[in-house]
Trainee: 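Below is the structure I would like to discuss, written out as structure tokens.
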Amino acid sequence: MNKIRLRRSINDFPLLAGCHPVLARVYAARGIASADELDYRLERLLHYRSLANIEVAAALVATLLMQQQRLLIIGDFDSDGATSSALAVGALRSFGAKQVDYLVPNRFEYGYGLTPEIVAVALATKQPDLIITVDNGIASHEGVAAAKKAGLKVIITDHHLPGASLPAADAIVNPQLTVDTFPSKHLAGVGVIFYVMLAVRQALRARQWFNDSDQREPTMLQFLDLVALGTVADLVPLDHNNRLLVHQGLQWIKAGKARPGIYALLKLAKRDVTKLNASDLGYSVAPRLNAAGRLADMSLGVACLLTNAHNEAHETALKLSQLNIERRTIEEGMQREAFAALDNVIAKKPLGKGICLFDVQWHQGIIGLLAARITEHWYRPSIVFAPSQQGDEIKGSARSIPGVNIREVLAVIAMREPPLIIRFGGHAMAAGLVLRRNDFTRFATLFQLVLENQLDDALLQKKCYTDGELQQADFCLHLADILRYQAGPWGQGFPEPLFEGRFSLLTQRLVGNKHLKMTLGLVDTGQQIEAIAFNVSLRHWPNHRVEQVIATYRLDINDYQGRRQLQLLIDTLEIA
């Protein structure tokens with residue numbers, strides 16, 4: 001699908017002290033009005049007090065910890081859930097808890113969240129006094145009821161959107177609650193539990209726990225590597241508070257102070273720790289961690305993040321990397337099948353405003369990735385289903401486009417035909433749901449009808465926002481270094497700078513059978529620059545008849561065998 005190129009609109013921008021003019025322009029286009037918004041010192045971190053219910057939750061945790069009762073963390077099976085689980089367990093142990101454990105529901109057996117089934121497993125195997133959910137629980141009415149019936153205390157920490165009613169937990173900490181006044185609504189699950197643990201430490205400090213026991217008061221800085229990883233991996237918008245958390249976590253990792261598991265994953269991904277940026281966490285570490293939850297058991301990922309033994313970290317990271325290779329193979333096969341099916345549909349009739357697919361052979365751990373690929377390619381809200389292990393149920397994973405709140409779409413369907421969706425939850429851009437297999441056709445029809453009524457055609461035109469053109473002097477290693485290693489951190493809601501321009505196409509060749517390696521020339525001066533476009537359409541490239549192209553690109557550095565060379569990472573490429 002072709003993209004409409006739009007330049008990010010800025011009128012005038014301040015030349016921030018010591019800031020390269022191009023970077024100042026980029027920051028202004030992202031709404032930065034002063035240097036204060038780029039101040040990522042820890043003193044600027046928002047305080048936990050404005051998070052609703054956090055001091056109630058902290059007081060309960062502190063009381064049970066001081067009594068050395070059994071504390072159990074119930075996590076989620078993605079990177080945010082894994083980092084949240086590791087942070088909660090690690091922090092509680094560092095506070096002196098001697099009976100703290102974790103349990104990550106296997107998605108194939110128990111599904112998402114604190115279900116009655118996982119409560120039964122917890123009672124049988126862990127015998128907890130308190131359950132703390134991380135990155136889940138806001139929709140777990142039945143699970144919380146089961147835990148309370150068994151006499152357990154329950155604290156929910158989550159960041160997903162709440163429904164019309166809340167579970168009857170002892171405390172719920174979630175910045176999305178309507179009563180919550182916390183200024184940053186975009187905390188990841190790992191950010192929420194980080195704040196909760198800050199409050200727990202303060203509650204213990206106020207009760208003289210660290211003075212009266214042999215337990216030394218720990219620094220919470222040691223958990224910022226987990227916060228950075230989980231925040232980037234979960235694709236939450238990087239507002240100032242989240243950027244601060246990610247920045248500080250990256251500094252902790254680059255300083256050599258992070259946990260062995262993260263270093264082991266970075267080493268297997270062949271990433272230079274000293275030049276680490278947020279995208280390295282998102283594209284290299286998170287997929288390896290996620291592979292455990294997609295194909296096996298995320299307990300493996302949590303174990304990798306918790307161990308202090310370098311040998312164990314390496315062995316666990318190696319298993320995760322092997323799972324990730326397997327995940328890629330399965331995903332590529334499912335993508336070929338899905339794209340072929342959609343090509344057949346398009347050959348007969350235009351696509352509707354949404355895409356809904358189900359295949360009995362598809363892997364339920366991969367459907368979220370496939371839905372994301374479909375949404376990216378066809379630019380429509382997409383839901384992909386696969387068989388569940390629970391009788392005649394099928395599980396769906398949904399992804400959306402800007403302007404379409406996919407959770408609200410599901411809520412409308414659930415309201416129109418209450419028996420149709422067994423359960424659902426999620427964000428504006430991503431959600432999950434469960435149906436009966438026989439209801440798939442009816443659901444797909446209703447999904448299209450709701451979108452036809454609610455979705456304006458203009459939203460289906462993919463837009464590519466750029467930061468304009470660069471001058472000849474800007475094509476240099478100095479600016480590439482600034483943008484890649486000093487600025488940012490870039491990510492969701494605070495995108496990496498993307499530029500546009502017309503170039504002469506001097507040479508082109510395929511590398512790795514699917515990546516286009518090029519030499520481009522500046523039209524006015526002839527200056528030659530190396531460039532690469534990943535995963536190009538082989539139906540269109542290479543094309544040796546083309547003399548000039550219009551490209552959108554990022555400035556990058558090709559660092560090979562000690563030689564550093566400017567390189568353009570091509571996002572879109574079209575014939576001029």
Side-chain angles (χ1 to χ4, degrees), residues 1-4 6 112 139 160-164 176 235 237 334-335 337-359 362 364 366-388 393-465 492-493:
M1 171 179 288
N2 291 328
K3 300 179 182 178
I4 296 177
L6 300 170
Y112 171 78
H160 294 92
L161 294 170
Q176 300 290 348
L235 299 178
M334 288 171 56
Q335 183 173 322
E337 294 167 2
F339 279 36
L342 289 169
D343 284 337
N344 289 335
V345 170
I346 293 170
K348 299 173 184 176
K349 62 178 181 179
L351 277 179
K353 290 186 176 180
I355 294 172
C356 200
L357 296 176
F358 166 61
D359 191 297
W362 284 347
Q364 64 170 282
I366 311 297
I367 53 177
L369 294 172
L370 180 56
R373 299 285 186 265
I374 291 171
T375 298
E376 179 183 4
H377 188 81
W378 275 281
Y379 207 67
R380 280 160 169 73
S382 305
I383 308 181
V384 177
F385 289 88
S388 167
E393 293 180 358
I394 59 175
K395 292 185 178 180
S397 189
R399 296 295 183 272
S400 195
I401 59 176
V404 182
N405 186 319
I406 195 66
R407 190 190 180 282
E408 288 185 2
V409 171
L410 297 178
V412 169
I413 296 172
M415 188 178 300
R416 287 191 183 182
E417 296 194 17
L420 194 59
I421 301 178
I422 297 174
R423 55 186 177 273
F424 71 96
H427 300 292
M429 298 296 288
L433 68 158
V434 177
L435 307 175
R436 297 169 191 84
R437 184 179 299 196
N438 291 339
D439 288 334
F440 170 76
T441 301
R442 175 58 185 159
F443 173 84
T445 300
L446 202 52
F447 181 59
Q448 291 291 355
L449 286 173
V450 171
L451 290 176
E452 289 290 339
N453 291 334
Q454 295 188 0
L455 199 159
D456 191 293
D457 287 337
L459 291 175
L460 295 177
Q461 178 60 61
K462 195 170 188 178
K463 299 175 180 65
C464 173
Y465 289 92
Q492 191 77 8

Trainee: Got a sec, which pairs hit salt bridge (Lys or Arg N to Asp or Glu O under 4.0 Å) with one end in residues 429-441, sequence neighbours left out?
Mentor: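 Checked against salt bridge (Lys or Arg N to Asp or Glu O under 4.0 Å) - neighbours excluded - the pairs reaching residues 429-441 are Arg436-Asp439.
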Trainee: Write down the atom of Ile406, the atom of Ser400, and the distance for their closest heavy-atom approach.
Mentor: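 Between these two residues, the closest heavy atoms are CB-CB, 3.8 Å.
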Trainee: For the CG atom of Leu435 and the CZ atom of Phe358, what is their distance to the nearest 0.5 Å?
Mentor: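 CZ of Phe358 is found 9.5 Å from CG of Leu435.
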Trainee: Testing Val450, Leu459, Leu451 one by one against Lys353 for a side chain to side chain contact (heavy atoms under 4.5 Å, CB included), which residue passes?
Mentor: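 So the option named by the test is Leu451.
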Trainee: Salt-bridge test for Arg442 and Glu417: reply yes if a basic N is under 4.0 Å from a carboxylate O, no otherwise.
Mentor: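 Counted as a salt bridge, because a side-chain N and a carboxylate O are separated by less than 4.0 Å.
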Trainee: Run the numbers on Glu393 and Ile422 for side-chain contact (heavy atoms from CB on, under 4.5 Å), then give the verdict.
Mentor: CA-CA 9 Å; Glu393 293 180 358; Ile422 297 174; 3.7 Å; yes
Trainee: Is the shortest side-chain heavy-atom distance between Leu342 and Leu357 below 4.5 Å?
Mentor: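 A side-chain contact exists here, since the closest heavy-atom pair is under 4.5 Å.
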Trainee: What are the two closest heavy atoms between Ala371 and Ser397, and how far apart are they?
Mentor: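 The answer is CB-O, 3.5 Å.
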Trainee: Is it true that the side chains of Arg373 and Thr375 contain a donor and an acceptor less than 3.5 Å apart?
Mentor: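 Absent: no donor and acceptor within the cut-off.
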Trainee: Do Arg380 and Leu460 have side-chain heavy atoms sitting under 4.5 Å apart?
Mentor: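 Answer yes - side chains close enough.
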Trainee: So, does Lys462 use its side chain to make a donor-acceptor pair with the main chain of Glu376 at under 3.5 Å?
Mentor: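 It does hold such a pair.
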Trainee: Just how far is it from atom CE of Met415 to atom CG of Leu410, taken to the nearest 0.5 Å?
Mentor: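 Rounded to the nearest 0.5 Å, the CE-CG separation comes out at 12.0 Å.
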Trainee: Under the side-chain contact (heavy atoms from CB on, under 4.5 Å) rule, what do Phe424 and Ile413 come out as? Steps first, then yes or no, please.
Mentor: CA-CA 11 Å; Phe424 71 96; Ile413 296 172; over 6 Å; no
Trainee: So do Ile355 and Ile383 actually touch side chain to side chain, heavy atoms under 4.5 Å?
Mentor: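 Ile383 does not reach Ile355 side chain to side chain.
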Trainee: Would a 4.5 Å heavy-atom cut-off, applied to side chains only, mark Phe447 and Val409 as touching?
Mentor: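 Result yes, sub-4.5 Å side-chain heavy-atom pair found.
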Trainee: Any side-chain heavy atom of Ile367 sitting closer than 4.5 Å to one from Met334?
Mentor: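 Yes, at least one pair of side-chain atoms sits under 4.5 Å.
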Trainee: Given 3.5 Å as the limit, does a donor-acceptor pair link the side chain of Lys395 with the main chain of Pro387, or not?
Mentor: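 No, because the side chain of Lys395 does not come within donor-acceptor range (under 3.5 Å) of the backbone of Pro387.
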Trainee: Where do Arg407 and Gly163 come nearest, in terms of heavy atoms and distance?
Mentor: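 In terms of heavy atoms, the two residues are closest at NH2-CA, 3.8 Å.
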Trainee: Out of curiosity, Asp456 CG to Gln461 CD, how far, rounded to the nearest 0.5 Å?
Mentor: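 Asp456 atom CG to Gln461 atom CD measures 12.0 Å (nearest 0.5 Å).
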Trainee: On a heavy-atom basis, which atom in Phe385 and which in Leu433 lie closest, and how many Å separate them?
Mentor: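 Shortest heavy-atom separation between Phe385 and Leu433 comes out as CZ-CD1, 3.9 Å.
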Trainee: Does Phe339 reach the side chain of Ile374, with side-chain heavy atoms less than 4.5 Å apart?
Mentor: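 Heavy-atom side-chain distance check passes, below 4.5 Å.
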Trainee: Side chains of His427 and His160: closer than 4.5 Å at any heavy-atom pair?
Mentor: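 The answer is yes, as the side chains (C-beta and beyond) meet within the 4.5 Å cut-off.
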Trainee: For the CD1 atom of Ile394 and the OG atom of Ser388, what is their distance to the nearest 0.5 Å?
Mentor: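 Those atoms lie 9.5 Å apart.
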